[in-house]
Every structure is written in structure tokens, then in C-alpha cells.
Amino acid sequence: MALLNILRYPDPRLHKIAKPVTVFDDRLKKLVADMAETMYDAPGVGLAATQIDVHEQVIVIDVSDASNELRVFINPEITWSSEEKQVYDEGCLSVPGIYDGVERPARVKARALDADGKEFEVEADGLLAVCIQHEMDHLKGKVFVEYLSPLKRNRIKTKLLKEERALKRG
């Protein structure tokens, strides 16, 4: 397994749209394992392949307190979402140190494939529902800060670019 480099907002590669996975092989299993290791190490509760510059519809999520309930969603789709909305303070491994409220459906049903290509469905609320929607946005080339006002988004972009320049200067 290997730790992967996580792209930082506003990297334009975060806006690429992921393609469906068609081959379920050892390469895919290694990608899932590496993504899980990267997510746990970060530490985070979700990671989309887009965030590591792999533009395939692969997501790993673990919202358990003990970080021992890894869920893998390949080619995920939301089949239903509640009319009821909730605002949740979201963060993102690609937008380090930034948290802000995003309004999303409170409950969702999703269908996806696991790493072996077996279809499953999940009904989710709370953090899992937020996480599924957040990570699926990444597969569509959308970062959570795009739900915020242009002023907040520009402040975040400026802050992260400034941090990146400081890191490069060392």
C-alpha cells in the first residue's frame, strides 16, 4: 500500500469529471487500498479518486468512530434524496483547515458497486449522507467551497494559494 498525494484546491484537476469504472481487477483493488490508507492517514472520513488525480468513479468512506468500517463506492449514483435539507459543517482533505456550512438533502439512497463489482444499495442520513454527497460531488468535478458565496470562496482560494507558496519557499 502507498500514501497518495492529495490535490489541493484550487488545483484545476479537481474539476475533471470522473469516468465510470469498467474493469474490476487487482489494479482497482490496489487503488482502493491506497485510497483508504491515504484517507485514514490524512485523517479524513472520505476520499474520492479525483482528489488523488485519478479520474475514475471510486470513493472510500469511513464515518465510524473507530475508523474500522471502510465503505467502497464504485460508480455511485443517488437514487433518492429527501426534500428535507440539513446544514452540515463540511471540511475536505483538498481544502485543508477550512470548514463551512453546506446545505444538502438530509437523507439519501445510493446504489454503487463494491471493489468486486457487486451491486449494493445504502440508505444514509447524518454524516454518512453528507459524506456520500460530498464525495460524489468530487466525481462530478465540484468542490464543497463552490456551495459558498463567491466572497468566501475567493478568500479560501487566496488563503490556500498563499499557504502553498509559503510551503514551496520552505
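For V87 against G101, the heavy-atom pair with the smallest separation is CG1-CA, 3.8 Å. P105 and S82 make their closest contact through CB-O, 3.6 Å (heavy atoms, listed as atom of the first residue, atom of the second, distance). Closest approach of G44 to L93, counting heavy atoms only: CA-CD2, 4.0 Å. Nearest heavy atoms, P76 versus A112: CA-CB, 3.8 Å.
One finds the CD1 atom of I132 at 12.5 Å from the CD atom of E77 (value rounded to the nearest 0.5 Å). In this structure, CD1 on I98 lies 10.5 Å from NZ on K152, to the nearest 0.5 angstrom. One distance of note links OG1 of T158 with CD1 of I156; it measures 10.0 Å at 0.5 Å rounding. If you take CG on D11 and CG on L160, they are separated by 11.5 Å, rounding to the nearest 0.5 Å. F120 contributes atom CZ, which lies 6.5 Å from atom CG of D114 (distance to the nearest 0.5 angstrom). Taken to the nearest 0.5 Å, the CG atom of L70 stands 9.5 Å off from the CD1 atom of I61.
Side-chain atoms of K140 and T50, non-hydrogen and from C-beta on, never get closer than 4.5 Å to each other. Contact annotation: the side chain of F24 approaches that of L113 to within less than 4.5 Å [non-hydrogen atoms, C-beta and beyond]. Taking 4.5 Å as the limit, every side-chain heavy atom of V60 sits out of range of all side-chain heavy atoms of R71. Put simply, the side chain of Q57 does not reach to within 4.5 Å of the side chain of I74, judged on heavy atoms. The shortest side-chain heavy-atom distance between K159 and E163 falls under the 4.5 Å cut-off. Inter-residue side-chain proximity for T38 and L47 is flagged as met; some heavy-atom pair is nearer than 4.5 Å. Taking the side chain as every heavy atom from C-beta outward, V58 and N75 never approach each other to under 4.5 Å. Annotation: side chain of E90 is not in contact with side chain of D100 (no heavy-atom distance under 4.5 Å).
Taking the ring centre of Y147 as origin, the terminal cationic atom of K142 falls inside the region bounded by 6.0 Å and 45° from the ring axis.
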Hey, can you pull the donor-acceptor pairs under 3.5 Å for the side chains in residues 14-23, sequence neighbours left out?
from	atom 1	to	atom 2	distance (Å)
H15	ND1	G141	O	2.9
H15	ND1	E146	OE2	3.4

K30 and D26: CA distance, side-chain angles, deciding distance, salt bridge (Lys or Arg N to Asp or Glu O under 4.0 Å) verdict: CA-CA 6 Å; K30 180 176 176 358; D26 289 342; over 6 Å; no

Criterion side-chain contact (heavy atoms from CB on, under 4.5 Å) on S94 and Q51, from CA distance to verdict: CA-CA 7 Å; S94 292; Q51 293 175 270; 3.1 Å; yes

From CA spacing to verdict: side-chain contact (heavy atoms from CB on, under 4.5 Å), R104, K85: CA-CA 5 Å; R104 298 184 185 272; K85 305 281 190 216; over 6 Å; no

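At most 12 heavy atoms of other shown residues, nucleotides or ligands fall within 6.0 angstrom of atom OH in Y99. Few gaps surround CG on N68; more than 12 heavy atoms of other groups in view lie less than 6.0 Å from it. D89 CG: more than 12 foreign heavy atoms inside a 6.0 Å radius. Residue E83 qualifies as open at atom CD: its count of foreign heavy atoms under 6.0 Å is 12 or below.
Taking Q133 as the reference, nothing meets the side-chain hydrogen bond (donor to acceptor under 3.5 Å, both in side chains) condition, with sequence neighbours excluded. Listed by chain and number, the residues in a side-chain hydrogen bond (donor to acceptor under 3.5 Å, both in side chains) with K29 are D116 (sequence neighbours excluded). For H138, the ring pair (Phe, Tyr, Trp, His ring centres under 6.0 Å) criterion is met by H134, not counting sequence neighbours. Contacts of D62 classified as side-chain hydrogen bond (donor to acceptor under 3.5 Å, both in side chains), with partners at least two apart in sequence or in another chain: Y40, S64. Scanning for salt bridge (Lys or Arg N to Asp or Glu O under 4.0 Å) contacts around R107 gives E84, with sequence neighbours left out.
Formation of a donor-acceptor pair under 3.5 Å by the E135 side chain with backbone atoms of A48 is found in this model. Not a single donor-acceptor pair under 3.5 Å links the side chain of S81 to the backbone N or O of V108. Panel note: side chain D125, backbone L128; no donor-acceptor pair is recorded below 3.5 Å. Checked by atom type and distance alone, the side chain of N154 pairs as donor or acceptor with a backbone atom of P150 at under 3.5 Å.
Note: the hydrophobic cluster containing Y9 does not contain L139 (ILVMFWY, side chain heavy atoms under 4.5 Å, direct or indirect links).
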